[in-house]
Structure formats: C-alpha cells, structure tokens
K.L.:
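Before anything else, here's the structure in question.
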Amino acid sequence: MKVLLTGATGFTGSYVLRRLLAEGITPRCLVRASSDVAGLHGVETVVGDLGDAASLERAFDGVDTLINTASLGFGHAPALVKAAERAGVRRAIFISTTSIFTSLNTTSKSTRIAAEETIQRSRLEWTILRPTMIYGSPRDRNMIRLIRYVRRWPVMPVIGDGRHLQQPVYVDDVAAAAVLALRSEKAIRRAYNIAGAKPLTFNEVVDTVARLLGRRMRRIYFPARPIIATLQRLERHRLRLPIKAEQLQRLNENKAFPWTDAAKDFGYAPIDFEEGMRRELQEMAGQ
C-alpha cells in the first residue's frame, strides 16, 4: 500500500499521520510551499497545491491509496478525484463534515455537498467520514477559545438558552476512524458520521470545561434572534466583528449525530468529551 496523505501539516492530518506511522505505513505527503514541515521528518513530501494539476500528478505517481484530510470546502474535489483516477488510485478516504446537514444556506455547505457528490460518482473505492466539531489540542480553534475564556472570566454570556445539542469529537478519534475505515471493506462506498461519544448541551460543555479547570462559571442568557439580526446588519457594512451571525445560528441548532454505523463497520469507539478535554488540558500544560 502506497498512501498519499493531503493536509498532513494540518490539525487533523497531523494526527492521521501519527496513526499511519504507528501502523507501519509511511505515506507520501502533499504540502504547500508555505507549510511548516518540521513534523514531517523522515516522511516523503511533494510540494504542491490541490489546485495545481502538475503537482497532483507528481504527488500521485506510484500511489494506490489516498487519504484526504484537506478541506473539501474550497472546490478542489473535482481536480483531486480526476488526478486520483488518472493515476490508478483504488482506495480513498475523504474527511468531510457534518456541517453539510446545517439548515443554513451557506456557500461552504453547497461546495462541500458538491464535493461529496463528485466523490460518490467517481470510480474510486471511496469512504467519506463526516466529523462533528473537532477538538483536542491548542490547534483546534474551537474548544481552545472556550478554555481561554473560562480561565479569564467568571461569567459566560450565552446567546439562546444553551440547550441545543453538540457532539464534539476528539481529534485522535477522527484519525483512528480514517485508519480503521481504510482497512475495512465494509466501509467502501459508504459515508459515516464521526462524532463524540454522546451529545451534550452547550451548557454542559461549559460546565465540563469549568469543572476541569476548577472554575466556577455563572451563565447569563441573552435572546438569540435580536442579537443575530443585529450582527447580520453590521456584517452587511463589512465590519469586523469578534463573532459572526452564522456562528450563533449554528450554536442554536441541534448537532447530534449517531455513529453506530461506523462502530459496526470498522470498530469506531470515541472517547467522551470530559476525557478528551482532560487530554487537551494536559497537552496545554505540557506546552
């Protein structure tokens, strides 16, 4: 098996790389010229871009397997799939996202759905994995903000009632799912939700983080609709704001997803949120 890994220097991709190496698989990694490749010592790299046909051709030379952890939200899927098919790649794992199920009509949603449709029409033996919100280290851009806030302030403003469900997934569980699915014939030409062990309300997420940090956190609730409407008006004037209306709208959607199919077909077994947050905090302390 000769694997091409895209997004290897990214948050999720770096964990997938570790998992592959632990399995005795040393992939070739497609990296941008601007990427920090310090963590790729001893791993073959090809400098290029998903939007460049020539670099894709170099990257796929001699490859029979693809693991794509790079975002499907930038419109590169058709070129990537075409290059993989031309190179004779058979097996392919694609990391997508459960955000395609949002009720909001966003540009990234339509781009990602189109990407999945391109993959599903291809000749590849594809598997699509759709993680929920990924967290797990200071690189996660999600829970790290909440951790920093809880450490600094005793009061948490909550837009809405804080009761909508979330199901964050630990980053190494996503990486494990990619490698497990790669080994599973049952996963061929199937798409799976990859979520945390169980759903939590936003209130429960805040309480968990506060408890692990030994902090007491008081929540103050604000009505969602007028605040979202105000942000939308301000955004039309192209003002730079600390939070976007879309983020608050997503916070007030239920985002709970079953992962039983992934468990049945390739043994996916995620850790619970409290354990994942404990590991993230330990990593932060180590840094």
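Throughout, residue positions are numbered sequentially from 1 according to the sequence presented.
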K.L.:
Do Glu246 and Glu235 have side-chain heavy atoms sitting under 4.5 Å apart?
P.N.:
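Glu246 vs Glu235: side chains apart.
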K.L.:
Please confirm whether the backbone N or O of Lys2 pairs with a side-chain atom of Asp64, one donor and one acceptor, at under 3.5 Å?
P.N.:
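Checked: pair present.
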K.L.:
Please report the shortest heavy-atom distance between Ala8 and Leu40, naming the atom on each side.
P.N.:
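The answer is CB-CD2, 4.3 Å.
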K.L.:
Tell me whether Tyr15 shares a hydrophobic cluster with Leu281, the cluster being built from Ile, Leu, Val, Met, Phe, Trp, Tyr side chains joined at under 4.5 Å.
P.N.:
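No, no single cluster joins them.
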K.L.:
Considering only residues two or more places apart or on different chains, which pairs with a residue in residues 171-224 satisfy ring-ring contact (aromatic ring centres under 6.0 Å, His included)?
P.N.:
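Non-adjacent pairs meeting ring-ring contact (aromatic ring centres under 6.0 Å, His included): Tyr192-Phe266.
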K.L.:
Taking only residues two or more places apart in sequence or in another chain, which ones pass salt bridge (Lys or Arg N to Asp or Glu O under 4.0 Å) with Arg215?
P.N.:
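Scan of Arg215 (salt bridge (Lys or Arg N to Asp or Glu O under 4.0 Å), adjacent residues dropped) gives none.
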K.L.:
Give, for atom CZ of Arg145 and atom CD1 of Ile243, the distance between the pair rounded to the nearest 0.5 Å.
P.N.:
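Interatomic distance, Arg145 CZ to Ile243 CD1, rounded to 0.5 Å: 8.5 Å.
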K.L.:
Is the shortest side-chain N to carboxylate O distance from Lys198 to Glu204 below 4.0 Å?
P.N.:
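No, Lys198 and Glu204 are not salt-bridged.
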K.L.:
State, to 0.1 Å, how close Thr9 and Asp36 come at their nearest heavy-atom pair, and which atoms those are.
P.N.:
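Heavy-atom minimum between the residues: CG2-O, 3.4 Å.
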K.L.:
State, to 0.1 Å, how close Ser55 and Gly48 come at their nearest heavy-atom pair, and which atoms those are.
P.N.:
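So the two residues come closest at CB-CA, 3.4 Å.
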K.L.:
Looking only at heavy atoms, what is the nearest atom pair of Ala181 and Arg91, with distance?
P.N.:
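Smallest interatomic distance, heavy atoms only, reads O-NH2, 2.8 Å.
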K.L.:
Answer whether the closest heavy-atom distance between the side chains of Val43 and Val37 falls below 4.5 Å.
P.N.:
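With C-beta onward as the side chain, the pair stays apart.
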K.L.:
Does any non-hydrogen side-chain atom of Arg250 lie less than 4.5 Å from one of Ser99?
P.N.:
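Yes; the side chains approach each other to less than 4.5 Å.
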K.L.:
I'd like to know if the side chain of Ser184 reaches the main chain of Leu180, judged simply by a donor and an acceptor atom lying under 3.5 Å from each other, with no hydrogens or angles considered.
P.N.:
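No.
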K.L.:
Taking the side chain as every heavy atom from C-beta outward, state whether Val209 and Met217 have any pair of such atoms under 4.5 Å apart.
P.N.:
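They are not in side-chain contact.
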K.L.:
So, taking the atom named CG in Leu5 and the one named OG1 in Thr26, what distance separates them when rounded to the nearest 0.5 Å?
P.N.:
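It is 11.5 Å, given to the nearest 0.5 Å.
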K.L.:
What I want to check is whether the side chains of Ser103 and Glu253 have a donor and an acceptor closer together than 3.5 Å.
P.N.:
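Yes, Glu253 and Ser103 have a side-chain donor paired with an acceptor closer than 3.5 Å.
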K.L.:
If the test is side-chain contact (heavy atoms from CB on, under 4.5 Å), which one of Leu129, Ile134, Asp172 qualifies with Thr12?
P.N.:
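Testing Thr12 for a side-chain contact (heavy atoms from CB on, under 4.5 Å) against Leu129, Ile134, Asp172 leaves exactly one candidate, Ile134.
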K.L.:
Show which residues join Phe74 in its hydrophobic cluster (side-chain heavy-atom contacts under 4.5 Å, direct or indirect), or state none.
P.N.:
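Via sub-4.5 Å side-chain contacts, Phe74 links to none.
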K.L.:
Flag the pair Trp259 / Gln167 as yes when at least one side-chain heavy-atom distance between them is below 4.5 Å, and no otherwise.
P.N.:
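Trp259 vs Gln167: side chains touch.
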K.L.:
With a 3.5 Å distance limit and no angle check, can you tell me whether Asn203 reaches the backbone of Thr201 through a side-chain donor-acceptor pair?
P.N.:
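Checked: no pair found.
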K.L.:
For the backbone of Thr98 and the side chain of Asn193, can you confirm whether one donor and one acceptor N or O come within less than 3.5 Å of each other?
P.N.:
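Side chain of Asn193 to backbone of Thr98: no pair is present.
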K.L.:
Would you sort out whether Glu280 and Val171 count as a side chain to side chain contact (heavy atoms under 4.5 Å, CB included), showing the intermediate values?
P.N.:
CA-CA 10 Å; Glu280 178 161 353; Val171 60; over 6 Å; no
K.L.:
Taking the side chain as every heavy atom from C-beta outward, state whether Leu182 and Met1 have any atom pair closer than 4.5 Å.
P.N.:
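Sidechains of Met1 and Leu182: in contact.
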K.L.:
Could you list the donor-acceptor pairs under 3.5 angstrom formed between side-chain atoms of residues 146-159 and any protein atom two or more places apart in sequence or on another chain?
P.N.:
from	atom 1	to	atom 2	distance (Å)
Tyr149	OH	Val155	O	2.6

K.L.:
In Å and rounded to the nearest 0.5 Å, what is the OG1 to NZ distance from Thr127 to Lys186?
P.N.:
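The distance works out to 13.5 Å.
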K.L.:
Give a yes or no on whether Arg141 atom CZ has more than 12 heavy-atom contacts from other residues, nucleotides or ligands under 6.0 Å away.
P.N.:
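Incorrect, the count does not exceed 12.
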K.L.:
Looking at Tyr170, does the NZ or CZ of Arg279 lie under 6.0 angstrom from its six-membered ring centre and within 45 degrees of the ring axis?
P.N.:
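Relative to the ring axis of Tyr170, which defines the angle, Arg279 lies inside both limits.
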K.L.:
Kindly check if the number of other-residue, nucleotide or ligand heavy atoms within 6.0 Å of CZ (Arg123) is above 12?
P.N.:
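Atom CZ in Arg123 is not packed in, count stays at 12 or less.
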K.L.:
Just by modelled atom types, is the Ser122 backbone N or O under 3.5 Å from a matching donor or acceptor in the Glu85 side chain?
P.N.:
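Checked: no pair found.
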K.L.:
To the nearest 0.5 Å, tell me how far Arg183 CZ sits from Ile93 CD1.
P.N.:
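Result: 11.0 Å between the selected atoms.
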K.L.:
Can you list the steps and then say if His164 with Leu251 is a side chain to side chain contact (heavy atoms under 4.5 Å, CB included)?
P.N.:
CA-CA 7 Å; His164 289 85; Leu251 189 63; over 6 Å; no
K.L.:
May I ask you to decide whether Asp261 forms a salt bridge with Arg190, counting only side-chain N to carboxylate O separations under 4.0 Å?
P.N.:
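A salt bridge is present here (some side-chain N lies under 4.0 Å from a carboxylate O).
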K.L.:
Given side chains that start at C-beta, do those of Arg236 and Arg233 come closer than 4.5 Å, heavy atoms only?
P.N.:
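Touching, per the 4.5 Å side-chain cut-off.
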K.L.:
Please determine, by modelled atom types, if Thr6 and Asn68 share a side-chain donor-acceptor pair under 3.5 angstrom.
P.N.:
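A donor-acceptor contact under 3.5 Å links the two side chains.
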K.L.:
Taking it one step at a time, do Arg211 and Glu274 satisfy side chain to side chain contact (heavy atoms under 4.5 Å, CB included)?
P.N.:
CA-CA 10 Å; Arg211 183 172 62 254; Glu274 184 164 344; 3.0 Å; yes
K.L.:
Under the side chain to side chain contact (heavy atoms under 4.5 Å, CB included) criterion, do Met133 and Lys255 qualify, and how do the steps go?
P.N.:
CA-CA 9 Å; Met133 183 178 68; Lys255 299 181 287 295; over 6 Å; no
K.L.:
Has the side chain of Glu283 got a donor or acceptor atom that lies under 3.5 Å from a matching backbone atom of Ser137?
P.N.:
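No, because the side chain of Glu283 does not come within donor-acceptor range (under 3.5 Å) of the backbone of Ser137.
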K.L.:
Who else is in Ile119's hydrophobic cluster (ILVMFWY, side-chain heavy atoms under 4.5 Å, direct or via others)?
P.N.:
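Grouped by the 4.5 Å side-chain rule, Leu4, Leu30, Val46, Leu50, Leu56, Phe60, Val63, Leu66, Leu72, Leu80, Val81, Val89, Phe94, Leu124, Trp126, Ile128 form the rest of the cluster around Ile119.
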K.L.:
Just jot down the salt bridge (Lys or Arg N to Asp or Glu O under 4.0 Å) partners of Arg219, sequence neighbours excluded, or say none.
P.N.:
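Checked Arg219 against salt bridge (Lys or Arg N to Asp or Glu O under 4.0 Å); matches are Asp207.
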K.L.:
Answer yes if the side chains of Ser96 and Glu116 hold a donor-acceptor pair under 3.5 Å, and no otherwise.
P.N.:
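Judged by distance alone, the side chains do pair up.
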K.L.:
Please report the closest heavy-atom contact between Ser71 and Gly73, naming both atoms and the distance.
P.N.:
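It is OG-N, 2.9 Å.
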K.L.:
If you count heavy atoms of other groups shown closer than 6.0 angstrom to CZ of Arg32, is the number above 12?
P.N.:
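No.
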K.L.:
So Gln249 and Gln232, do their side chains get closer than 4.5 Å, heavy atoms only?
P.N.:
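Answer yes - side chains close enough.
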K.L.:
Among Ile194, Ile95, Ile100, which residue satisfies the side-chain contact (heavy atoms from CB on, under 4.5 Å) criterion with Arg130?
P.N.:
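Testing Arg130 for a side-chain contact (heavy atoms from CB on, under 4.5 Å) against Ile194, Ile95, Ile100 leaves exactly one candidate, Ile100.
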K.L.:
Roughly how far apart are Asn254 CG and Arg163 CZ, rounded to 0.5 Å?
P.N.:
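Going from the CG atom of Asn254 to the CZ atom of Arg163 covers 12.5 Å.
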K.L.:
OH/Tyr135 to CG/Asp173 distance, rounded to the nearest 0.5 angstrom?
P.N.:
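Nearest 0.5 Å value for the OH-CG distance: 7.5 Å.
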K.L.:
Keeping the roles fixed (side chain from Glu275, backbone from Asp272), state whether a donor-acceptor pair exists under 3.5 Å.
P.N.:
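No, Glu275 side chain to Asp272 backbone: no donor-acceptor pair under 3.5 Å.
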K.L.:
With the threshold set at 4.0 Å, does a side-chain nitrogen-carboxylate oxygen contact exist between Arg86 and Glu57?
P.N.:
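Looking at Arg86 and Glu57, the cut-off is not met.
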K.L.:
Considering all heavy atoms of both residues, which atom of Ile228 and which atom of Ala245 are nearest to each other, and what is their separation?
P.N.:
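Heavy-atom minimum between the residues: O-CB, 3.9 Å.
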